[in-house]
Chemist: 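Have a look at the structure that comes next, please.
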Amino acid sequence: MEKRQLGKTGLEVTSVGFGGIPIQRVDQDQVIKIVAEMERVGINFIDTARGYTVSEGFLGNALKGKRDKFILATKSMAKDYEAMKEEVETSLKNLQTDYIELYQLHLVKDMDDYNHVMGPNGAYRALVEAKEAGKIGHIGITAHSVDLMMALVDDMPFETIQFPYNLVERQAEELFEKAGKRGIGIICMKPIAGGAITNGTLSIKYILQNKNVSAVIPGMEKVDEVYQNAQVANGNYVFTEKEKTEADKIVEELHGNFCRRCGYCLPCTQGINIPSMFIAEGYLTRYKMTEYATKYYAKQAVKAGACIECGECMSKCPYHLPIIEKMKQVKEVFGE
Ligand code: SF4
Ligand code: SF4
């Protein structure tokens with residue numbers, strides 16, 4: 001399998017890694033099989049998160065006797081110093097290791113969020129201390145906002161950025177270019193756009209055409225998915241004519257009906273976090289992660305049902321999404 005440098009970390013990761021979200025809906029035995037298959041095909045990079053419920057724990061058990069074969073990345077949404085200190089300890093315990101190669105600030109939403117995590121009582125200080133103590137190797141950040149990351153990329157201290165990128169979400173290409181020049185490793189999440197792209201290997205191939213990308217981390221819950229995705233990382237990413245036609249078709253079909261989580265539609269007049277509504281719906285209807293989706297939705301302060309159809313958001317969405325109609329669908333599936 002092709003390997004790429006993870007920025008300047010000195011880590012060499014397989015260009016196809018493993019995303020730990022979907023294993024929440026399988027059992028421990030299945031995760032043991034998946035990790036064994038990763039070892040067999042040569043995938044060496046695993047990304048998970050404190051927020052993915054059982055994911056870290058399942059992986060920790062499955063990695064027994066295999067820890068040295070993998071580079072581990074995890075992340076936490078903790079924003080405060082004390083909370084992040086605890087999160088790092090929990091991750092180490094769950095993953096059954098004394099060292100995690102990459103620890104990331106999970107989903108920094110906006111500049112206020114960023115200033116908080118970087119402040120004296122913010123989560124970043126806890127990660128710096130964990131690095132100094134030899135508990136983690138490198139510190140990264142994950143985000144969904146191009147504007148935020150573009151504002152930060154020139155002088156932020158992070159060694160990696162994890163960001164959505166796929167056939168239909170290409171808004172980060174300039175960001176990747178800038179980050180690449182600074183030697184920041186790029187990890188691509190959401191390679192199949194939250195399940196919207198049905199040809200996953202095609203999208204992975206597209207992502208790996210981008211030389212600034214270090215690794216793409218498709219979520220996998222089946223052994224044969226591990227094998228299929230690993231085959232893509234063969235160093236040849238030029239589309240055939242047939243693949244090009246299919247890629248164009250996917251882009252065309254999803255163009256006006258897929259939320260890129262860019263946030264340009266915000267603020268909603270009623271305080272609805274519009275992209276989060278669609279993320280929750282995707283977890284429920286496409287990923288079938290009922291428990292995770294329900295919890296995620298429950299955490300939202302204002303639900304889709306609060307939409308008064310004022311239309312303010314519609315003119316701000318650069319992709320012309322039918323937000324009002326989609327909001328009704330979200331209300332219907334979650335019942336509020
Ligand atoms: S149409 Fe609905 S979602 Fe859009 S701004 Fe108005 S209340 Fe918010
Ligand atoms: S609804 Fe449109 S503007 Fe809002 S986050 Fe999604 S793609 Fe961006």
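Counting starts at 1 for both ligands and their atoms, in listed order. By convention here, the first residue in the shown sequence is residue 1. Small disclaimer: the values here were computed from a predicted structure and weren't measured.
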Chemist: Which residue supplies the protein heavy atom nearest to atom 6 (Fe) of ligand 2, what is that atom called, and how far is it?
Modeler: Cys259 SG, 2.4 Å
Chemist: Side chain, backbone, both or neither: which applies to Leu266 and ligand 2 if a contact is any heavy-atom pair less than 4.0 Å apart?
Modeler: neither
Chemist: Quick one: are Ser15 and Val216 in side-chain contact, heavy atoms under 4.5 Å?
Modeler: no
Chemist: How close do Ala233 and Leu208 get, heavy atom to heavy atom, and via which atoms?
Modeler: CA-CD1, 4.4 Å
Chemist: How far is atom 1 (S) of ligand 1 from the closest protein heavy atom, and which atom is that?
Modeler: Gly311 N, 3.2 Å
Chemist: Does the separation of the ring centres of Tyr319 and Phe258 fall below 6.0 angstrom?
Modeler: no
Chemist: Ignoring hydrogens, what is the shortest heavy-atom contact between Val232 and Tyr237? Give both atom names and the distance.
Modeler: O-CE2, 3.1 Å
Chemist: Among all protein heavy atoms, pick out the one at the shortest distance from atom 7 (S) of ligand 2; state its residue, atom name and that distance to 0.1 Å.
Modeler: Arg260 N, 3.3 Å
Chemist: Please test Thr53 against Tyr292 for side-chain hydrogen bond (donor to acceptor under 3.5 Å, both in side chains), starting from the C-alpha separation and ending with a verdict.
Modeler: CA-CA 8 Å; Thr53 61; Tyr292 186 74; over 6 Å; no
Chemist: Below 4.0 Å from any atom of ligand 2, is there a heavy atom belonging to Cys313?
Modeler: no
Chemist: Name the closest protein heavy atom to atom 4 (Fe) of ligand 2, giving the residue it belongs to and the distance to 0.1 Å.
Modeler: Cys265 SG, 2.3 Å
Chemist: Determine the minimum heavy-atom distance between Leu321 and His255, stating which atoms define it.
Modeler: CD1-O, 4.4 Å
Chemist: To the nearest 0.1 Å, how far is atom 8 (Fe) of ligand 2 from its closest protein heavy atom, and which atom is that?
Modeler: Cys262 SG, 2.2 Å
Chemist: Got an N, O or S from Cys307 under 2.8 Å of atom 2 (Fe) of ligand 1?
Modeler: yes
Chemist: For Pro318, counting its heavy atoms only, list the atoms of ligand 2 lying under 4.0 Å from any of them.
Modeler: 3 (S)
Chemist: Are the aromatic ring centres of Tyr165 and Phe176 under 6.0 angstrom apart?
Modeler: yes
Chemist: Short list, please: which atoms of ligand 1 are under 4.0 Å from a heavy atom of Gln270?
Modeler: 7 (S)
Chemist: How far is atom 2 (Fe) of ligand 2 from its nearest protein heavy atom, and which residue and atom is that?
Modeler: Cys317 SG, 2.4 Å
Chemist: Backbone or side chain, does Cys268 get an N/O/S atom under 2.8 Å to atom 8 (Fe) of ligand 1?
Modeler: yes
Chemist: Thinking salt bridges, do Glu87 and Lys135 make one under a 4.0 Å N-O criterion?
Modeler: no
Chemist: Is the distance between the ring centroids of Phe158 and Tyr124 under 6.0 Å?
Modeler: yes
Chemist: Under 4.0 Å from a heavy atom of Gly263: give me the atoms of ligand 2 that qualify, with their elements.
Modeler: 5 (S), 8 (Fe)
Chemist: Could you pull out, from Ile324, Ile274, Val302, the option with a heavy atom nearest to atom 3 (S) of ligand 1?
Modeler: Ile274
Chemist: Strictly distance-based, threshold 3.5 Å: is any side-chain N or O of Ser76 a donor or acceptor partner for the main-chain N or O of Arg50?
Modeler: no
Chemist: Could you list the atoms of ligand 1 found under 4.0 angstrom from a heavy atom of Ile308?
Modeler: 7 (S)
